[in-house]
Amino acid sequence: MVRTRFAPSPTGYLHIGGVRTALFCWLFARRHGGQFLLRIDDTDVQRNVEAALAPILHGFRWLGLDWDEGPEVGGPHAPYFQSQRQHRYQQAVAELLARGAAYRDYATAEELQAEREQAQAEKRPFLYSRRFMAETPADCARFEAQGRQAVVRLKMPREGSLVINDLVRGEVVFEWAREQDHVVQRADGTCLYHLASVVDDYDFQITHVIRAEEHLSNTPRQVFIAQALGYPLPAYAHLPYVAEPGSKNKLSKRKLDKYLKQRDFAQVYEHGLAIARALRLEAAAETFNPVVVDFYEQVGYLPEALLNYLLLLGWSLDDKTEFLTREQMIANFSLERVTRASASFDPKKLWAFQDHYMQQLPLAEKVERMLPYLVRAGLLSRPVKEEDRALLERVVIACGERLKVLGDILNYGDFFFREWPEYDMGAVAKQLGKQRARELLLRFVEGPLETEPFTAEALEQAMQAFVAAEGVKVGDVIHALRVAVTGKTIGPGLYDCLAILGREACRQRIVRAVELAGKPVG
RNA sequence: GGCCCCGUCGUCUAGCCAGGUCUAGGACACAGGCCUUUCACGCCUGCAACACGGGUUCGAAUCCCGUCGGGGUCACCA
């Protein structure tokens, strides 16, 4: 039985690179009919784990990455929080000590630092002298009499080498003599991550440790711990990490400012920001950040688009396949086809996947999923009336492929749901600034707007007749008309807008816009 | 700096293990054009890569060696 795990720290947000790793773990487990678990690595955080964990679990659920064991779902190996498993780690430390694979060390931070500096001065690799290693109770007593406190260190081999057969990278060789005597238990008795991780992987019967490449160089010490404890070794697979747009540095949520200088990244961010404003979200930098998964849910990306994009960031089926359903992903995933080089996150490509999936979404589904956005923006209230739902359906049809994310309904269709449009005053000034334009609009109200029936087709014909009679071009009136009834310069076909809004609303808006433009600003 | 990993268009990648069918394929982005009442879409065209240098071979993106470049990691963080 294949068992994989993803082990997030409760930080309050789900990093896009983390999700990619989790996705690969999940896919590998599902591909082999195995299980995927979630373990919370909170050995060092004393913050409110509950609150910081919620957004992460929420993200997993949103993406449909279900876990067989872990927080909230429990399981036979509970608890799945490292903070609650300290006794197990301490047990393991005692065993390590008993077997001579670890020792108590009484060196102070300063003494250690001095050794490091000396090694550096002599240009040789640092290796702790084990000067304050205590191997007997008498040693301990002597050091403690000096007021020293002990940590527990691994007694790493100083000869030979270790070959790791990484499922992504192949054979990787490490010299034991380059490995430090890492601390596994702090002076206060609490245990550290590497020890905890190995113990948990054993207790949870993890068969495949699939994680980011940054852990590759941590592997020797973990192998050492596992072997010293007599645990069978899991298979290892180190995935390349997700890099910044346009560079090979690891993607970091703290560098948003830097990424925003990149055009593509900025575009996607700005677009999301417009939606966030319409939703009156506090665009807190913490989660409103394209490096954080929350961002995509908030502005209305589809989980399948994000998953598909992330899958192809470091994995490919062949030279052609771009779109895979969840089932196809599971059926085809393999670690052999994972790339070895890190891959830059490209928000524009994600956008393209999103576009694709959005256009695939059935009309009824779009309506259903866009409704909450209108509600949250305060444009519709619950319970949603049937007529509003019908209106939304017409609007969605009219908007067509302009809707790229669910939240786009607010960018393109808000004015259908407001009493008055929010006028873009720059556009008003430009399109309605001239007396002549305003006169034309008013005559439009008296003429074409009286058309019967009040349909897009009829209105278009009436417009043709109107401009011919006025001796102007369609363009001379249509742009001003759009701004007058929608408040903005972008949007669905104008005649569709007019027809959906209805005669009376159009009349009122045109009159109002003309007044607005006719008056001096202020 | 030590150790480890990586290196095909701007980006994601196919091809590499089993050398020739690769004048290197696809996608995103970009540029130009068409369509057009805005925006978006669509259509057409274009731009663009085997990091470099040596080998091996009839033949190398593919194998070997070296160089260079990029990244990761070196905590009583995870």
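Letters A, B, ... mirror the listed sequences (proteins, then strands); counts begin at 1.
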Check side-chain contact (heavy atoms from CB on, under 4.5 Å) between A:Ala92 and all other residues, then give those that pass, not counting sequence neighbours.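 By the side-chain contact (heavy atoms from CB on, under 4.5 Å) rule, A:Ala92 matches A:Leu195, A:Val199, A:Leu229.
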All side-chain contact (heavy atoms from CB on, under 4.5 Å) counterparts of A:Glu122, not counting sequence neighbours: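 For A:Glu122, the residues satisfying side-chain contact (heavy atoms from CB on, under 4.5 Å) (neighbours in sequence not counted) are A:Gln118, A:Arg124.
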Starting from [atom2] on [N], measure out to [atom1] on [X] and report it in whole angstrom.
{"X": "A:His194", "N": "B:rC77", "atom1": "NE2", "atom2": "C1'", "answer": "9 Å"}
{"X": "A:Lys348", "N": "B:rC12", "atom1": "NZ", "atom2": "P", "answer": "16 Å"}
{"X": "A:Asn308", "N": "B:rU13", "atom1": "CG", "atom2": "C1'", "answer": "14 Å"}

Side chain of [X] (C-beta onward), nearest among [options]:
{"X": "A:Ser217", "options": "B:rA78, B:rU11, B:rU73", "result": "B:rU73"}
{"X": "A:Tyr193", "options": "B:rA78, B:rA29, B:rC5", "result": "B:rA78"}
{"X": "A:Glu401", "options": "B:rC41, B:rU37, B:rC39", "result": "B:rC41"}
{"X": "A:Val474", "options": "B:rC28, B:rC6, B:rU37", "result": "B:rU37"}
{"X": "A:Ala343", "options": "B:rC12, B:rC76, B:rU37", "result": "B:rC12"}
{"X": "A:Arg337", "options": "B:rA14, B:rC5, B:rC6", "result": "B:rA14"}

With distance as the sole criterion, do the side chain of A:Asn411 and the base of B:rA40 form a donor-acceptor contact below 3.5 Å?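 For A:Asn411, whose side chain was compared with the base of B:rA40, there is no donor-acceptor pair (under 3.5 Å).
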Sequence neighbours excluded, every pair satisfying side chain to side chain donor-acceptor pair (under 3.5 Å) that has a member inside residues 472-485 of chain A: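 Every pair satisfying side chain to side chain donor-acceptor pair (under 3.5 Å) with a residue in residues 472-485 of chain A: there are none.
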What are the residues of residues 311-320 of chain A, sorted by number, that bring a heavy atom to within less than 4.0 Å of RNA chain B?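 Result for residues 311-320 of chain A: A:Leu312, A:Leu313, A:Gly314, A:Ser316, A:Asp318, A:Asp319, sorted by number.
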Taking 4.0 angstrom as the limit, do A:Asp203 and A:Arg39 come out as a salt bridge?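 Judged by the 4.0 Å cut-off on N to carboxylate O distance, A:Asp203 and A:Arg39 do not form a salt bridge.
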Within the 4.0 Å heavy-atom criterion, would you say A:Lys250 contacts the bases, only the backbone, or no part of the nucleic acid?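 It contacts sugar-phosphate atoms only.
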Counting the atoms with a prime plus P, OP1 and OP2 as sugar-phosphate, which does A:Gly491 contact under 4.0 Å by heavy atoms, base, sugar-phosphate, or nothing?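 The answer is base, as A:Gly491 lies within the cut-off (heavy atoms under 4.0 Å) of a base atom.
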Check residues 171-180 of chain A and write down every donor-acceptor pair under 3.5 Å in which the side-chain atom is one partner and the other belongs to a residue at least two apart or another chain.
| from | atom 1 | to | atom 2 | distance (Å) |
| --- | --- | --- | --- | --- |
| A:Gln180 | NE2 | A:Phe126 | O | 2.8 |

Please assess A:Phe60 against A:Phe6 for the test ring-ring contact (aromatic ring centres under 6.0 Å, His included), listing each intermediate value before the final yes or no. CA-CA 11 Å; A:Phe60 271 85; A:Phe6 181 70; 5.8 Å; yes
Measure all distances between protein nitrogen or oxygen atoms and nitrogen or oxygen atoms of nucleotides 8-10 of chain B, and list the pairs falling under 3.5 Å.
none

Kindly say whether A:Ala150 contributes a backbone atom to a donor-acceptor pair with the side chain of A:Arg104 at under 3.5 angstrom?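 Absent.
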